[in-house]
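This report refers to the structure that appears directly beneath it.
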Amino acid sequence: RAGIFPHRLHRLYRPLRQITRGGQYSAMSLLQMLRSVVIRLNGDRNTLFDVPMARQKAILEGLPEPKDLLKRAYAQYRCQMMLERPILRAGYQLAAMLLLPVYRRQLLRRPASRKEETADAVFAFGGPDTILPCSLRQEYPGIRQVRDFQNALLTREDCSFLRELARRYPTAFYFRFKCMAKLAMYRSLYETYRPKAIIVSEEYSYTSSFLTEYCHRLGVEHINVMHGDKLYDIHDTFFCFDRCYIWDQFYRDLFCELRAEPTQFRMEMPPSMQPWDAQDVEKAVDYTYYLQAETSQMLEKIAKSLQTLQKSGAVVAVRPHPLYSDMETVRRLFSDFEIEETAEVGIETSILRTRHVIGLYSTVLYQAHINHVPVVIDDLTAPERFAQLKSLRYIMLDKPHGLLSALLQEESPT
């Protein structure tokens with residue numbers, strides 16, 4: 001009934017009812033559903049900026065040094081849960097407590113894949129493979145990218161490992177459920193391809209160290225590659241892979257401050273972060289603003305700033321975020337500007353065809369810097385967030401850049 005959960009947790013009820021009645025939700029679709037629910041429930045909250053730096057540090061410093069990989073995973077989980085609202089933590093725990101036995105039985109019943117495929121390594125990532133360092137391609141020439149995990153399963157051996165986790169953390173139901181679901185995905189990859197390595201981009205996941213231990217038991221190397229820019233964020237604490245590829249020494253220092261295992265890091269720029277060939281790309285736009293997860297009020301401020309640039313005669317474009325932008329609001333507020341369709345204009349073309357990139361905090365700004373496209377950091381739309389970026393260790397503040405406030409003063413019509 002609607003009254004069983006608090007109002008915002010009620011959206012978990014229908015999938016839970018389907019699951020307990022043997023409905024259509026698979027283990028992996030459930031994991032994706034839970035992730036999307038967590039994102040929606042926190043839609044009005046950005047813990048990166050809303051949780052003070054001092055509190056994040058206090059949480060991190062209050063945890064003991066982990067003695068093994070399972071303790072590393074649990075320490076990262078504790079950091080993340082301490083950032084959640086208490087009512088949501090309780091809701092996640094309740095849902096996971098009910099789902100654990102149901103899905104353990106379901107995953108145990110699933111047969112192993114009968115595909116006769118092999119791969120030197122499996123790249124389990126839904127995005128572009130250009131984030132893979134070239135050295136990994138040379139080391140593992142037969143890399144197979146896998147984007148879905150519909151055939152997840154558990155074996156009796158896996159259940160023995162999960163019981164070890166349960167003995168250590170009997171009441172951490174959400175932690176154990178997520179570890180079980182991710183382990184089932186890895187088991188599917190192992191049974192299908194028998195790889196020498198599993199490559200992911202998941203330093204933010206508190207299951208990562210747990211899965212490193214699982215990979216060791218399978219005789220598989222667990223490798224992480226960097227996907228997006230990073231700030232000081234205790235979502236990314238304590239993690240440990242066999243290797244973790246980063247773009248700059250700056251990030252090693254940052255991750256070590258977040259108490260990640262220090263010997264795992266390798267520095268190498270993947271193709272996505274190397275200069276691109278700009279010969280065939282014409283400079284058609286003066287300024288392109290790269291949106292993130294802004295509120296409607298923030299989008300209105302951005303539109304006002306861009307109007308000032310446009311009135312000075314500049315050609316201005318806006319690029320929505322493919323996941324976070326509310327396209328209805330974007331089309332309404334930026335109807336006077338070119339709105340880049342992310343499905344039609346690749347990020348490489350977008351950056352190379354503009355004379356300046358504008359944004360607050362985005363990997364795009366770093367990519368533009370690498371490609372010698374001038375970077376303008378937005379210090380006007382959310383000045384309180386801009387003020388936090390220095391303490392949050394934003395790399396672009398240490399690279400050449402301009403500020404939107406100074407640009408608007410230069411371009412304002414007299």
Side-chain angles (χ1 to χ4, degrees), residues 12 15-16 18-35 66-78 80-81 92-115 117 122 124 146 148-198 200 202 205-222 238-242:
L12 282 172
L16 179 58
Q18 289 280 348
I19 290 158
T20 55
R21 292 181 179 178
Q24 79 273 21
Y25 285 85
S26 71
M28 292 311 102
S29 65
L30 171 70
L31 189 60
Q32 292 163 358
M33 180 274 295
L34 284 175
R35 183 180 179 185
K67 303 293 186 186
D68 58 35
L69 290 169
L70 298 191
K71 289 182 179 179
R72 279 192 173 277
Y74 188 67
Q76 188 173 5
Y77 166 77
R78 288 188 63 189
Q80 294 188 17
M81 287 301 102
Y92 302 153
Q93 284 282 79
L94 175 59
M97 180 178 65
L98 296 172
L99 296 173
L100 258 170
V102 175
Y103 271 88
R104 184 167 53 242
R105 286 195 300 271
Q106 185 184 91
L107 290 166
L108 266 170
R109 292 193 192 108
R110 292 190 172 181
S113 172
R114 295 183 179 180
K115 293 181 180 179
E117 301 183 49
V122 172
V146 177
D148 65 78
F149 308 92
Q150 296 305 313
N151 298 318
L153 71 145
L154 292 176
T155 66
R156 296 292 176 187
E157 180 185 11
D158 297 334
C159 288
S160 176
F161 184 32
L162 291 170
R163 282 194 294 273
E164 182 180 334
L165 194 69
R167 283 193 295 271
R168 289 202 193 190
Y169 309 110
T171 61
F173 299 108
Y174 189 52
F175 173 66
R176 288 167 48 204
F177 176 80
K178 186 79 173 286
C179 287
M180 178 189 71
K182 295 295 284 289
L183 182 150
M185 293 159 61
Y186 275 43
R187 171 58 72 177
S188 173
L189 295 175
Y190 180 75
E191 294 296 331
T192 303
Y193 302 104
R194 299 288 171 167
K196 299 173 186 174
I198 294 176
V200 295
E202 294 206 343
S205 174
Y206 53 75
T207 65
S208 58
S209 299
F210 166 81
L211 292 168
T212 298
E213 173 64 27
Y214 181 61
C215 284
H216 290 172
R217 297 184 183 206
L218 294 176
V220 172
E221 192 173 13
H222 199 207
F238 293 108
F239 66 84
C240 179
F241 297 85
D242 292 304

Any non-hydrogen side-chain atom of Lys182 less than 4.5 Å from a side-chain atom of Tyr214? no
Are the aromatic rings of [X] and [Y] close, with centres under 6.0 Å apart?
{"X": "His222", "Y": "Tyr186", "value": "yes"}
{"X": "Phe161", "Y": "Phe210", "value": "yes"}
{"X": "Phe177", "Y": "Tyr174", "value": "no"}

Under 3.5 Å, side chain of [X] to main-chain N/O of [Y], donor-acceptor pair present?
{"X": "Ser205", "Y": "Glu202", "value": "no"}
{"X": "Thr207", "Y": "Cys179", "value": "no"}
{"X": "Arg176", "Y": "Leu165", "value": "no"}
{"X": "Ser160", "Y": "Arg156", "value": "no"}
{"X": "Glu213", "Y": "Leu69", "value": "no"}
{"X": "Gln76", "Y": "Phe238", "value": "no"}
{"X": "Glu221", "Y": "Cys215", "value": "no"}

Should the ring pair Tyr206 and Phe175 be called parallel, tilted or perpendicular, given that the plane angle runs from 0 to 90° and is split at 30 and 60? tilted
Charged N-O contact under 4.0 Å between Arg104 and Asp158: no
No-hydrogen, no-angle side-chain donor-acceptor test under 3.5 Å, Tyr190 and Arg194: yes
